[in-house]
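Notes for the one structure printed next.
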Amino acid sequence: VPPSGARVCLYEDGTIVTQEFFPTLPDNSELVLLSKAQTWSGVLYDIGQLLSTDRHADVLVEAAKGLLSDEKSFKKRKVLIDLLQNLEDTSDLESRDEDADWFNGVDARFKTKSAYMKYNCESRIRGYMKEVDDATRSIQKAKVRAEFLKTSKCLVEMLKNDKYNGKYFDRTEQESGRLCTREGWFTCQGSFDQKLCQSLHSINPYGSRESRIVFSTWNLDHR
């Protein structure tokens, strides 16, 4: 590194280490040596590098598995497991022949992920309508119950005409009809009284069998 303009900073956050600051650092502090043209934003730089890495990088997968086998911290284990699930993402595969593991436990009549996810959405919405029908039992007044049933029947007809909105979960549908990206990513739309979910929850049920199963308990209005 050319001496002119060179400087040293803390690895964790990029703070410049001056001659006066140096003696105050704790033992074994990690430092980064920079040339005049270089910058360092701390751990954020490492995270950025990680996210820009090829998702199927075998070296990164093996490194994460190696760390996981020796890790005692439950919190770090969770982070590593989540990382591995995303790194080993198979969302680019669509058919049963291409990704047999994803279809483990799925009825044999479904040959593609999109077809199953479409059915999954239809089933979920039919389940919602059953809850609506069951709610009629708690209505005491006959006139109110009759109006409720009339509204419910109208809603069912609308859903039937739109095939129970199965397109919501089908990534092969037009963008205006689906709730996910072309790759299969869903993002939490936030609770009813918010315009946006501040936590930005996201999930891709097309990515792995585990994600598909978790998605069955995932609420689109909030986690």
Side-chain angles (χ1 to χ4, degrees), residues 50-69 71 74 76-133 156 158-190 197 199-223:
L50 179 63
L51 293 176
S52 65
T53 303
D54 181 358
R55 295 165 73 184
H56 300 287
D58 294 336
V59 174
L60 193 54
V61 171
E62 290 306 312
K65 287 180 177 178
L67 288 170
L68 184 61
S69 63
E71 186 54 61
F74 288 106
K76 292 180 180 178
R77 283 184 195 173
K78 176 67 168 60
V79 172
L80 287 168
I81 289 171
D82 288 347
L83 173 64
L84 280 169
Q85 285 182 350
N86 283 293
L87 287 173
E88 297 181 310
D89 177 23
T90 60
S91 59
D92 55 325
L93 305 179
E94 173 69 8
S95 70
R96 182 181 286 269
D97 292 337
E98 293 174 315
D99 193 0
D101 182 64
W102 191 93
F103 287 88
N104 189 4
V106 173
D107 194 292
R109 73 177 185 273
F110 297 106
K111 305 303 180 185
T112 66
K113 293 179 180 179
S114 297
Y116 173 76
M117 291 302 297
K118 187 172 186 176
Y119 166 80
N120 182 275
C121 184
E122 292 172 2
S123 298
R124 187 183 288 203
I125 291 180
R126 283 193 178 97
Y128 294 154
M129 283 310 305
K130 186 178 185 304
E131 290 182 29
V132 171
D133 291 339
V156 168
M158 291 169 66
L159 287 170
K160 283 182 178 178
N161 290 334
D162 208 19
K163 299 180 180 178
Y164 286 91
N165 294 324
K167 59 189 176 186
Y168 284 172
F169 292 2
D170 183 354
R171 64 179 179 180
T172 64
E173 285 283 345
Q174 295 295 320
E175 186 175 0
S176 59
R178 52 184 160 86
L179 297 178
C180 60
T181 66
R182 181 64 71 187
E183 295 76 27
W185 283 99
F186 290 81
T187 302
C188 176
Q189 298 174 356
C197 171
S199 298
L200 301 176
H201 306 120
S202 59
I203 188 171
N204 188 344
Y206 289 85
S208 67
R209 176 174 176 268
E210 290 77 11
S211 295
R212 170 176 64 77
I213 293 171
V214 170
F215 186 72
S216 65
T217 66
W218 213 78
N219 294 316
L220 294 169
D221 58 346
H222 207 245
R223 74 176 186 182

Next item on the list: Show the numbers, then the answer: is there a side chain to side chain donor-acceptor pair (under 3.5 Å) between Asp97 and Ser95?
Entry: CA-CA 5 Å; Asp97 292 337; Ser95 70; 5.1 Å; no

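- For the pair Arg178 (side chain) and Glu173 (backbone), a donor-acceptor distance under 3.5 Å is present.
- With sequence neighbours excluded, no residue satisfies ring pair (Phe, Tyr, Trp, His ring centres under 6.0 Å) with Tyr128.
- By the side-chain contact (heavy atoms from CB on, under 4.5 Å) test, Asp101 pairs with Asp99, Arg209, sequence neighbours left out.
- In summary, the side chains of Ser176 and Gln174 do not present any donor paired with an acceptor at a separation below 3.5 Å, with no hydrogens or angles considered.
- Residues Leu159 and Met129 approach most closely at CD1-CG, 3.5 Å, considering heavy atoms.
- One finds the CG atom of Asp89 at 9.5 Å from the CD atom of Glu183 (value rounded to the nearest 0.5 Å).
- Between Gly184 and Pro205, the closest heavy-atom pair is O-CD, 3.5 Å.
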Notebook entry, point to check: side chain to side chain contact (heavy atoms under 4.5 Å, CB included) between His201 and Thr187: does it pass, once the steps are laid out?
Noted result: CA-CA 6 Å; His201 306 120; Thr187 302; over 6 Å; no

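- Summarising the geometry, atom CD1 belonging to Ile203 is positioned 6.5 Å from atom CH2 belonging to Trp218; distances are rounded to the nearest 0.5 Å.
- Annotation: side chain of Cys180 is not in contact with side chain of Trp185 (no heavy-atom distance under 4.5 Å).
- Remark: Phe215 engages Phe169, Phe186 in a ring pair (Phe, Tyr, Trp, His ring centres under 6.0 Å) (not counting sequence neighbours).
- Without hydrogens or angle criteria, Arg96 side chain to Thr112 main chain gives no donor-acceptor distance under 3.5 Å.
- Note: Tyr168 OH to Lys163 NZ = 14.5 Å, rounded to the nearest 0.5 Å.
- In terms of heavy atoms, Tyr206 sits closest to Lys113 at O-NZ, 2.9 Å.
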Margin query: Assess the residue pair Thr181 and Arg171 against the criterion (side chain to side chain contact (heavy atoms under 4.5 Å, CB included)); give the C-alpha distance rounded to whole Å, side-chain angles, the decisive distance to 0.1 Å, and a yes or no.
Written below: CA-CA 7 Å; Thr181 66; Arg171 64 179 179 180; over 6 Å; no

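- Of the possible polar contacts, none joining the Thr90 side chain to the Leu93 backbone as a donor-acceptor pair under 3.5 Å is found.
- Listed by chain and residue number, Ser152 satisfy the side-chain contact (heavy atoms from CB on, under 4.5 Å) test with Asp133 (two or more places apart in sequence, or in another chain).
- Every residue two or more places apart in sequence or in another chain was checked for a salt bridge (Lys or Arg N to Asp or Glu O under 4.0 Å) with Lys111, and none qualifies.
- Of the residues listed (Asp170, Leu220, Asn165), the one engaging Leu179 in a side-chain contact (heavy atoms from CB on, under 4.5 Å) is Leu220, and it is the only one.
- The side-chain hydrogen bond (donor to acceptor under 3.5 Å, both in side chains) analysis of residues 114-126, with sequence neighbours excluded, yields the pairs Glu94-Ser114.
- Between the side chain of Asp107 and the backbone N or O of Arg109, at least one donor-acceptor pair lies under 3.5 Å.
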